[in-house]
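Remember, it's 1-based here, ligands and their atoms both numbered in the order they're listed.
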Amino acid sequence: MPLAHEGMANSNYSCSICGNTTSKWSGRCEACGEWNSISEDIGLSQGPTKSSLGKSRGNYIPLGDLKSADKPLERTKCDLEELDRVLGGGLVPASAILVGGDPGIGKSTLLLQAAAKFAAKGLKTLYLSGEEATSQVKLRAKRLNLEEAQIQLGSDSNLRNILTTLEKERPKLAIIDSIQTIWSDKVDSAPGTVSQVRSAAHELTTFAKRSGTSIVLVGHVTKEGQIAGPRVVEHMVDTVLYFEGERGNQFRILRSVKNRFGAADEIGVFEMTGLGLQQVTNPSALFLSSRGKPSAGSCVFAGIEGTRPLLVEIQALVSPSPHSQPRRSVIGWDSSRLAMILAVLEARCEVQFSGLDVYLNVAGGLKITETAADLAVAAALISAKENIIIPEDFVFFGEVSLSGAIRSVANMENRLKEAEKLGFKKVASPKNTKLVKGLNIEVFENLDLLSFVNKISDGKKKITAEDHNSNV
Ligand code: TYD
Ligand code: MG
């Protein structure tokens with residue numbers, strides 16, 4: 001243990017990965033298990049001293065007296081429809097938003113485009129970059145054809161200077177790119193450390209609440225998928241958006257993981273082009289557009305992301321394994337969920353996957369989290385294993401339980417409508433799907449996975465929905 005850490009009874013230490021605080025230094029964080037992530041917190045952790053206690057009592061008002069709560073939230077649209085929807089219908093004044101994502105995914109590009117749209121409405125917009133010089137930001141703006149945008153650019157990383165600028169300018173929107181580069185001279189540690197990031201985020205969100213400025217903080221993500229620095233920043237802000245996408249794939253998904261003013265899990269879809277990010281208003285059509293000829297192991301899942309239906313292709317590949325322990329590889333879905341579906345198929349339906357490598361992929365670089373994808377995954381696996389081609393006008397949704405039963409899922413109507421709109425003629429789904437009326441789509445209801453698997457295996461015989469549903 002370093003000598004410098006000895007004998008500091010009043011110090012606090014915190015982990016730069018998970019934000020856990022302890023009273024003594026150690027080489028490994030007890031909470032998240034990370035090595036060498038603990039550093040000393042200076043400046044924030046000392047509790048209130050007598051002299052620092054406020055003299056006046058806090059002002060409290062009865063909840064019922066609050067008149068402003070009767071009014072709907074005032075929102076300002078950024079005129080980037082995909083972004084506005086993810087925000088819950090536009091930017092709320094005095095709110096703090098964290099936009100996280102891998103380096104190079106397009107955060108600065110997205111926010112510069114949004115800032116330009118915002119400024120075009122005559123609203124004062126500030127873009128402060130701690131990472132790039134103003135000339136570099138200008139170069140990007142030129143590439144995006146946004147040279148004429150009325151954005152105020154700044155390149156500063158000192159928190160005190162930033163707050164002074166904000167106080168003087170009082171913009172409607174301020175973008176801080178990125179929170180990891182901001183440092184406060186009140187905190188005695190390097191930029192990017194937990195105490196610096198926390199202090200900067202705290203001061204900036206407090207400014208937002210006090211002044212009515214909407215503040216967007218850009219945050220980098222570590223390879224473990226967390227906002228680098230502390231998780232605590234996520235708790236401080238009102239909205240947390242993640243910008244995700246696969247490298248080498250042009251699609252980008254903006255996802256709200258927390259939103260005090262709207263639905264979480266809402267997504268916006270963008271495409272990275274030579275001229276910046278373009279909005280994708282009909283993502284289902286796009287995600288399915290590059291589907292090749294129907295082949296074994298591929299099927300379409302009728303999903304919902306946030307409030308929007310989204311159809312995606314699920315691909316599976318099953319091949320004999322040369323290893324004693326076969327591979328289970330998943331991209332875009334949960335690997336433990338795949339293990340569960342494989343176990344249910346083995347235990348309840350006698351479809352064996354031992355000795356076989358299994359690969360599962362969600363096409364287009366999308367990540368799905370819904371359990372409603374279970375049935376589509378099962379269909380793709382059976383189709384891959386038995387070499388059965390699923391007709392291309394079929395979609396799937398439904399949750400599989402450990403008993404092998406197929407459970408209902410939410411938003412059936414929206415899923416069916418989207419499928420119908422995109423020309424799908426048949427759906428394999430849980431019981432009671434037929435209660436959704438008025439749709440021109442043939443419904444194959446399923447009670448349990450075993451009969452579903454049998455029906456797929458009979459697929460070559462061409463059964464109709466009537467045959468299929470007769471025993472449901
Ligand atoms: P950037 O917004 O700098 O990413 P972040 O701020 O998340 O680190 O985006 C950088 C990437 O985007 C870079 O690899 C180049 C690419 N890009 C385009 O493909 N087209 C464009 O018009 C722009 C501005 C960037
Ligand atoms: Mg950037």
Report the nearest protein non-hydrogen atom to atom 4 (O) of ligand 1: residue, atom name, distance rounded to 0.1 Å.
G106 N, 3.1 Å

State plainly whether the residues D238 and R260 are in salt-bridge range, i.e. N to O under 4.0 Å.
yes

With atoms numbered from 1 as shown, which atoms in ligand 1 lie under 4.0 angstrom from a non-hydrogen atom of M272?
12 (O), 16 (C), 17 (N), 18 (C), 19 (O), 20 (N)

So, does D177 sit close enough to ligand 1 that a heavy atom of it is under 4.0 Å from the ligand?
no

Which residue owns the protein heavy atom closest to atom 2 (O) of ligand 1, what's the atom, and how far is it?
T109 OG1, 2.5 Å

Check the side chains of S195 and S189 for a donor-acceptor pair under 3.5 angstrom, ignoring hydrogens and angles.
yes

As an exercise, identify every atom of ligand 1 less than 4.0 angstrom from a heavy atom of P103.
8 (O)

Modelled atom types, side-chain donor and acceptor of T181 and E131, under 3.5 Å:
no

Does ligand 1 have any atom sitting under 4.0 Å from a heavy atom of G276?
yes

Could you identify the single nearest non-hydrogen protein atom to atom 10 (C) of ligand 1 and state the distance to 0.1 Å?
G104 O, 3.8 Å

As an exercise, identify every atom of ligand 1 less than 4.0 angstrom from a heavy atom of D102.
7 (O)

Check each heavy atom of L110 against ligand 1 and say whether those closer than 4.0 Å belong to the side chain, the backbone, both or neither.
neither

Can E82 and R252 be counted as an ion pair, charged N to O under 4.0 angstrom?
no

N, O or S of T109 under 2.8 Å from the Mg ion (ligand 2)
no

Any salt bridge linking E203 with K186? Criterion: basic side-chain nitrogen under 4.0 Å from a carboxylate oxygen.
yes

Per-atom filter on ligand 1: closer than 4.0 angstrom to a heavy atom of T273 are 18 (C), 19 (O), 20 (N), 21 (C), 22 (O)

Donor-acceptor under 3.5 Å (R28 side chain, G33 main chain)
yes

S298 pairs by side chain to side chain donor-acceptor pair (under 3.5 Å) with which of K293, E313, E392?
E313

What's the shortest distance from atom 6 (O) of ligand 1 to any protein heavy atom, and which residue and atom give it?
S108 OG, 2.6 Å

What is the minimum heavy-atom distance between R308 and V269, and which atoms define it?
NH2-CG2, 3.7 Å

For atom 15 (C) of ligand 1, the option (of R140, R143, H220) bearing the nearest heavy atom:
R143

Sub-4.0 Å atoms of ligand 1 with respect to non-hydrogen atoms of L144
22 (O), 24 (C)

Is the shortest side-chain N to carboxylate O distance from E418 to R415 below 4.0 Å?
no

